[in-house]
Structure formats: C-alpha cells, structure tokens
Amino acid sequence: MLALIDCNNFFVSCERVFQPGLKNTPVVVLSNNDGCIISRSQEAKDLGIKMGEPLFKARPIIEQAGVRVFSSNFMLYGDMSQRVMQTLKKFGAVEVYSIDEAFVDLSHVPAANLEKCAATIREIIYQYLGLPVCVGIAPTKTLAKAANHLAKKNPAYNGTMLLDTPAKQAAARRHLAVENIWGVGRRYAAKLHQHQVYTVADLVDRSSGWVYKHLGGVVGVRLRQELLGQPCQELSFKEEHVRKNIACTRSFSQYITTLNDLQEAVATYTSRAAEKLRRQRSAAKAITVFIRTNKFSVQAPQYHRATTVSLPLASADTGELIRYALQGLQQIYQPGYSYKKAGVILSEIIPEHQVQTDLFHTTDRSKSQKLMQALDKLNTKMSKNEWAINAVGYAAAGIEKDWKMIVTRRSPRYTTHWQEILEINI
DNA sequence: TCTGGGGTCCTAGGACCC
DNA sequence: TCTGGGGTCCTAGGACCC
C-alpha cells in the first residue's frame, strides 16, 4: 500500500499559516506578473473564481466580495514544501511528486493500522506546519490519487480515504468520473464521453485493446491496470531527481521592441537556468531560445520563433551558455514587433563528470568550474532579490531590467530571509 | 489596459543503415 | 508484370501533470 498526500489549496494555505486572519475568508494567489489566479481558498472557489483565470476578469467578483489577493511567493512555498516532505519521512520512504504532493511507501504498515496511519499523517502535518492535507491510500499510484480526490470532495471522510480492499476499489470506480482520473485530461475525457465511457467502471470494462486504441497506447493500458489495482508505476525515492530539461521563461511587464533589451532578458534567464543546472551537477549540450509577441492580442501582428543551438561540448558555464543563447537570439530576432515573452530551455543534459572532450577542445575546464563555484557561492550568500538582481552576474544580463516582472502584493518570505521574519506585536 | 511557468512521456514518420 | 526484411536514430507534435 502507498499513500498520496496532497496539501489543500497549498499556496493559499501557506499564506494563512503566517496570517491566521486570512482563515475563513476568500483568498487567492497570483501567477508571475500578477497575471492569473493559481491558488484559491475554498471560499474563493465557492465564489466561482476559476483556476487559471486572469486577474482582470475576476476583478469584479474580487472587489465585490473583498477577496484577499497575493502575488506569488515561491521562496516561501518552496521552503514550506520541503518541511512537509521532511515531516512525511517519519512515515515511510517519500517520493516527492510536486511542490504540494508526495507518495509515501506504506508497505511496512500492517493492514489493520492503515486507517490510523492516514489520520496521523494529517494530524502531524497540521500540528507541525499548520497546513491542511488530504491522504489517499491504495495499492497503486493511480488509485491513491483517486482516493485522495474522494477524500477532498467528501467532508464526511475527514480528509482521508482508504481503497485497500477490492470491494472498496470497485465501489470507488463506480463513483469516479473518468475526467477526474490522473492521466485523463480534457481531450481524453471528451473522447471517452463520445464512446459512452463516463465512470472509471465504464473504462475498465473496456478491453485493453480498446483502451490502447483510444487512450494513447500503452499509457492508457497502464492506467487501466492501475485502476484495477495492479501497479504499473513504481515509487521512486531518489533524493534529488535530475531534470532532463531546465527552463527559464518569463513574460515581460511591458512590451520590448529592441534587440538590446531582449538580449538582456535572454542573458538573465540563461544565468538562472545555468544556476539550476549546476545545482543538480549537470551540463547541457543544447540550448533553445524563443521569443514571442503577445498571443492574446488580436490586433497586434504576431511573431513566435524558437531555435535550438547545439554546443560542441556540454557546458554548465554561464558565460558560455549566454554566448550560445545570444547567438540563437540573433538568428530569430525580427525588428518591428512588440515582444511580450522570451525564454531559454537547456536540454541534452548529462552529469557534469561525463562531459566528453574531443581532440579539438583541449581547453582547461577547471578554470571555468572554479569561476562558477565562486559565482554561485557569492550569490547564495549575498543576493537580496529572488532572481533579477544577483550580487554578481554577467554584464550581458543588464542592470536596470526595465522589463522585469511586476510583483505588487507579495507577502514576506518569512522562513528564508532574516529581514522578513515574522514579527508579532503585542 | 490587464492573460504563468515548469515539467514528463509516448508515438508516428522520415531518414538512414545493412 | 513481379520490387525484402530488419533495424536505429531523430524530430515534431500531442497528450498529460502540477
């Protein structure tokens, strides 16, 4: 058996931990640039505010109902997330699935104790961190996700749900709509409905062959097996899982038209991506750069282009990566457009110690490595701002950064910055 | 006026090899 | 007229997740 633990309304719940006055009142958290709503309290959901809705569209409801609005505070959420994961390790090996979700291996827990275990996990997380979570327990990941979903939707279950017996699993399959299953998105849901498949029970009644044909091949077949209680996805307990792609992409707060400003932005994003790359001790052999105009604008002429530059040798050197990124940018830049977004994606990532040299590249890489180490050390120690202003950086990334993000309503980074630590006035 | 960012996996089809 | 069989690698695109 394994458990899926999912924090309720995670970002909003993090804000509430440090501002208890936000409890029982509608609260939303915004995406970067204060653009969209990406987390909602139950009260906000009840008002009809939708996930991913642009702020300006929800503004009438927000003002009328006095909804509290926060810019995103990812330093805080990331730190709270780590504490949750750390706490979960008390109960078994943990697979961190996302910032607010984790699977926990409960194979060592006797069947008779599972119910109690689920309740304890909930209580401990709330006691230690003040965060509400739901717990779903089942023999497969997909069923554990389903159990968690049911726990969330039915207040009577007290935030926990066990699908430990075939009878309970069959009952759950009859109650669950296919569109609520992990791995079935909008497209597949519509397709399944066309074929009169509405519940999970309907789905597993179809043959594997049918599912293969209509649900993305082997992915669908595995999904079906998992829903029947036969595991197809193993838990994975890697401490720090190494990413295969590392991206840094942002919308600008205002339109950019000049190559120079785009160069600054691309250099800045490349620096960020390179930092992430070094943190997982990897090097990248390719870098993709893209720029685009505002895709929502109906009148403005549209332009969207990307290019991938291959490096002769995998690298984790910011300066080198910036050079290639700017080379790519040069190729795709077209004057005369108003750009709204740009980004870089590092790919073909390999462990840093596996970088192949060849006959023609005999440069001493240790110099670059030492420089990067010094850079990272200084920035970890001295940077004040989350990402735009490093203590030490490359001139190509610019200093003024007119295009940088708007963050107007971010709460303090209570747990990671001494200057922003919680103050209590009595 | 104002619309996020970061990931994963799989498949089909083309190009190429012997 | 009749035109094999088996394989790899790469890319684009589609689906999904949070």
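Labels below follow one simple rule: chain letters A, B, ... track the order of the sequence lines, proteins then strands, and each chain is numbered from 1.
- The residue A:D100 sits close only to the backbone: its heavy atoms come under 4.0 Å of sugar-phosphate atoms, none of a base.
- Backbone-only contact: A:R243 has heavy atoms under 4.0 Å from sugar-phosphate atoms and none from a base.
- Nearest-nucleotide mapping onto DNA chain B: of A:G217 and A:G52, the residue sitting toward the 5' end is A:G52.
- The phosphate of B:dT3 (OP1 or OP2) has no side-chain N or O of A:S31 nearer than 4.0 angstrom.
- Looking at heavy-atom distances under 4.0 Å, A:K145 makes contact with sugar-phosphate atoms alone, never a base.
- For A:K191, no side-chain nitrogen or oxygen approaches OP1 or OP2 of C:dA15 to under 4.0 Å.
- In this structure, A:K341 reaches the sugar-phosphate backbone alone: every heavy-atom distance under 4.0 Å involves primed, P, OP1 or OP2 atoms, never a base.
- For the pair A:N245 and B:dT8, the criterion of a side-chain N or O lying under 4.0 Å from OP1 or OP2 is met.
- For A:F296, the listed nucleotide lying nearest its side chain is B:dT3; candidates were B:dT3, C:dC16, B:dT11.
- Using a 4.0 Å cut-off, no side-chain N or O of A:R186 falls inside it from OP1 or OP2 of C:dA15.
- Figure legend: A:K340 and A:Y255 shown as a cation-pi pair, the cationic atom lying under 6.0 angstrom from the six-membered ring centre and within 45 degrees of its axis.
- By the 4.5 Å heavy-atom criterion applied to side chains, A:K276 and A:R243 are not counted as neighbours.
- The side chain of A:S251 contributes no N or O atom lying less than 4.0 Å from OP1 or OP2 of B:dT3.
- The side chain of A:K276 has B:dG6 as its nearest neighbour among B:dC9, B:dG6, B:dC10.
- Taking the side chain of A:Y212 as heavy atoms from C-beta on, and the options C:dC18, C:dC16, B:dT11, the nearest nucleotide is B:dT11.
- Contact annotation for A:L30: no contact, since no heavy-atom pair falls under 4.0 Å across all strands.
- Note on A:E53: nothing from the nucleic acid sits closer than 4.0 angstrom, heavy atoms only.
- Ion pairing between A:E43 and A:R16 holds under the 4.0 Å rule for side-chain N and carboxylate O.
- If you take NZ of A:K340 and P of B:dG5, they are 10 Å apart, rounded to a whole angstrom.
- For A:R222, a side-chain nitrogen or oxygen approaches OP1 or OP2 of B:dC10 to under 4.0 Å.
- Closest contact between the side chain of A:I246 and the listed nucleotides B:dC10, B:dC9, B:dG7 involves B:dG7.
- Salt bridge absent: A:R68 and A:E15 never bring a charged side-chain N and a carboxylate O closer than 4.0 Å.
- Remark: A:R83 engages A:D79 in a salt bridge, criterion side-chain N to carboxylate O under 4.0 Å.
- Using a 4.0 Å heavy-atom criterion, one finds that A:L215 contacts no nucleic acid atom at all.
- Between C:dC17 and B:dG4, the distance separating the two C1' atoms is 15 Å to the nearest Å.
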